[in-house]
Protein chains: 2
Amino acid sequence: MEADKINTEEKILNAAKEVFVSKGKDGTRMQEIADKAGINKSLLHYYYRNKEKLFGAVFQFAFKQFAPKIMSVFNDDGDLFVQIETFISRYIDMISKNPFIPMFILNEVNKKDTSFVINVIKTIGINPDQYRERIYSEIEKGTIREIDPNQLIINIIAMCLFPFIGRPIIQIIVFEDSNEDYEKFLKSRKKEVADFVINSIKK
Amino acid sequence: MEADKINTEEKILNAAKEVFVSKGKDGTRMQEIADKAGINKSLLHYYYRNKEKLFGAVFQFAFKQFAPKIMSVFNDDGDLFVQIETFISRYIDMISKNPFIPMFILNEVNKKDTSFVINVIKTIGINPDQYRERIYSEIEKGTIREIDPNQLIINIIAMCLFPFIGRPIIQIIVFEDSNEDYEKFLKSRKKEVADFVINSIKK
DNA sequence: GTCTATAAATTGATAGAC
DNA sequence: GTCTATCAATTTATAGAC
C-alpha cells in the first residue's frame, strides 16, 4: 500500500536520525537502525540503496534545523535590539529541542569534502545580506558602534551553540557535573547572551 | 634498544594523533596508523594493547591542548582588560597551531560516558576559581558591570573556538568559500573578540 | 514490500617465527 | 622488537523466496 510505504520510509528515517545523530556516520550500524525502526536490515537497502544515501537524507534534514533560517527577523527595520533578542531566543529554543544536532553537523562537515556541504547550503538558501545591510544601516544611524557584521553574527551564533556542544566538559569543570545547575545555566542563557551582545554594540 | 623503542613509540603516537584527530575514533583504522608510522600493524598492539588504549593516549594529549590552562593570566590583579586580551590572544594562537583538536575533543566527549572525561580533567587540573574571584573583585571595584563569571568565560571561549569548528560552513556561507578571506577573518579575530568582550563588560 | 540466508569485504587482534 | 600469517568477528550489501 502507498500509505504503508510512506509509513515505513518515515520509520526508517526517524530511526536513522536518532542513530546517526547520536553515534555519527562511522559509529552507526545499519543493524541498529533496522532494529530501532522495527524492520529487517535488508529493507533499509530497499528504501535507501546504501548507508551513504541514508546518511545523506539524515544530514540534509539535520542541517535545516541547524542553520538559522531565522535571519528573516532582521528583514524589517524595527528595533534592532529587540530583533537580536528574538533571534537569540528562537535559535536557542530550536537547539534546545534538538541539542545534539549541532555537534552532529559540525563533526560531519569537518570530515566531508566541502562539495557536499555546498549543495546542502544551496538547497537551504541562506543569505548573509539579510543581516549585513541591516547592521551597516544601524551603524550609520548611530544606534550601534562600528563593527563587522560578519564578526557580530558569528559571535552571536557561537555563544548560542557552545553551551550545547561543549556541555560535557563545561558541566564538569564549571558546574561540578550537576545536571540541575546546568539546566539553570541554560535557562538564563537567552537573556545573558542578548545582554552581552547589546551591551557590546550599543552606543 | 631503548632509544629505538622510544623512537617507535613516538612514531606510533604521532601517527595515531594525526589519524584519530582527523577521522575520529570510529573512523580510524589501525592499518592507517601503522602505515603512517611506517611499521607493521601488529606492532601497534605490541605497544598499545588495543585500539581503545591507543585512543586514550591520543585523547589525553589532545585534551591538554584544548583546555585553556592559560587561566593563570587572571592570577595577579593587573589590568583585567589587558589580561582578557592576553587570554584570547594566547588561546587563539594555540588553536591556530592545532585547528582540528577542538572538533576532535568536542565530538568524542559528546559520545563518551562522562567518567572518561572526568578523569582526564582531573589530570589536567583546571580550576574555575581562578577567574571567578577575579571577576567578582573587578565588579566590586566598579571596573566592569555585573556579570556572571561563568557566562563571561564561556562566551569568550565560545567566540575563540567557533571560527575553527564551524569553518567549513562559515567559509561557504559568509565568505563565498574563499580560503584567503577566511584567513584574513581569522587574523582579525583576536582583536575583534577582545573588543567585543571589553565593550560589553566595561563600565 | 518484507523477510531469510548468505556472500564479500573489512578490521581488530593474536600466534608464532626470527 | 618486529614481522608474517591468520583467526574471528563484524558489517555492508545482495540474491531470492514469499
Side-chain angles (χ1 to χ4, degrees), chain A residues 1-62 104 107-108 111-113 116, chain B residues 1-62 104 107-109 111-113 115-116:
Chain A
M1 311 287 146
E2 187 65 12
D4 264 10
K5 183 183 173 184
I6 290 174
N7 206 357
T8 301
E9 196 165 345
E10 250 175 34
K11 278 196 296 187
I12 291 177
L13 206 57
N14 285 333
K17 277 177 206 165
E18 241 184 274
V19 183
F20 272 123
V21 167
S22 78
K23 307 206 167 178
K25 190 172 80 175
D26 295 324
T28 289
R29 301 291 153 241
M30 296 293 267
Q31 183 64 60
E32 192 176 346
I33 295 175
D35 292 346
K36 197 149 284 186
I39 57 155
N40 193 279
K41 199 172 49 157
S42 41
L43 204 51
L44 290 184
H45 290 85
Y46 176 80
Y47 283 92
Y48 299 86
R49 201 146 49 78
N50 52 39
K51 190 181 176 182
E52 195 63 30
K53 290 245 194 304
L54 182 50
F55 171 78
V58 171
F59 180 86
Q60 175 125 1
F61 178 90
F104 169 69
N107 183 43
E108 299 300 339
K111 284 174 191 163
K112 270 279 163 206
D113 61 316
F116 189 70
Chain B
M1 314 289 148
E2 187 64 11
D4 264 9
K5 184 184 171 184
I6 290 173
N7 206 357
T8 302
E9 196 165 343
E10 249 176 35
K11 277 196 297 187
I12 291 178
L13 205 57
N14 285 332
K17 278 177 205 166
E18 241 185 274
V19 183
F20 271 123
V21 167
S22 79
K23 307 207 166 175
K25 190 172 81 173
D26 295 325
T28 289
R29 300 293 152 238
M30 295 294 266
Q31 184 64 61
E32 191 176 348
I33 296 176
D35 291 347
K36 197 149 287 187
I39 57 155
N40 192 279
K41 197 172 48 156
S42 41
L43 204 51
L44 289 183
H45 291 85
Y46 177 79
Y47 282 92
Y48 299 86
R49 200 148 49 78
N50 53 39
K51 189 182 178 182
E52 195 64 29
K53 290 247 193 303
L54 182 51
F55 171 78
V58 171
F59 180 85
Q60 175 123 1
F61 179 90
F104 168 68
N107 183 43
E108 299 299 339
V109 298
K111 283 174 189 164
K112 268 281 161 204
D113 60 317
S115 64
F116 189 69

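Letters A, B, ... mirror the listed sequences (proteins, then strands); counts begin at 1.
The distance from the CG atom of L54(B) to the NE2 atom of H45(B) is 9.0 Å, given to the nearest 0.5 Å. In this structure, D26(B) CG and K25(A) NZ are separated by 12.0 Å, a value rounded to the nearest 0.5 Å.
Closest to the side chain of T8(A), out of dG1(D), dT4(D), dT2(C), is dT2(C). The side chain of I39(A) sits closest to dC3(C) out of dA13(C), dC3(C), dA13(D). In this structure, the nucleotide among dT11(D), dC3(C), dT14(D) sitting nearest to the side chain of R29(A) is dT11(D). The listed nucleotides are dT4(D), dT2(C), dA13(C); the one nearest the side chain of K41(B) is dA13(C). Ranking dT2(D), dA13(D), dG12(C) by closeness to the K51(B) side chain, first place goes to dG12(C).
Here the C1' atom of nucleotide dT11(D) and the NZ atom of K25(A) are 15 Å apart, to the nearest Å. The OH-P distance, from Y48(B) to dT14(C), rounds to 17 Å in whole Å. Rounded to whole Å, atom C1' of dT11(C) lies 15 Å from atom CD of E52(B). Rounded to an integer number of Å, the gap from CG of D26(B) to C1' of dT10(D) is 14 Å. Between L54(A) atom CG and dA13(D) atom P the separation is 10 Å, expressed in whole Å. At whole-Å resolution of the value, CD1 in I33(A) and P in dT11(D) are 12 Å apart. A straight line from CD of E9(A) to P of dG1(C) spans 9 Å, rounded to a whole angstrom. The CG atom of N40(B) sits 6 Å away from the P atom of dT4(D) (whole-angstrom rounding).
For the pair Y46(A) and dC3(C), the criterion of a side-chain N or O lying under 4.0 Å from OP1 or OP2 is not met. Within the structure, a side-chain polar atom (N or O) of H45(B) is placed less than 4.0 Å from OP1 or OP2 of dA13(C). Put simply, R49(A) has no side-chain N or O that comes within less than 4.0 Å of OP1 or OP2 on dA13(D).
Under the 6.0 Å cut-off for aromatic ring centres, F104(B) and F20(B) do not qualify, their centroids lying 6.0 Å or more apart.
Along DNA chain D, the nucleotide nearest G38(B) and the nucleotide nearest M30(A) are compared for position; the residue whose nucleotide lies closer to the 5' end is G38(B).
Contact check on K51(A) versus E32(A) returns no salt bridge, with no Lys/Arg side-chain nitrogen under 4.0 Å from an Asp/Glu carboxylate oxygen.
Residue S42(A) places a side-chain atom within donor-acceptor reach of the base of dT4(C), judged by atom type and a 3.5 Å distance cut-off alone.
In this model, a donor atom of one side chain and an acceptor atom of the other lie less than 3.5 Å apart for D35(B) and Q31(B).
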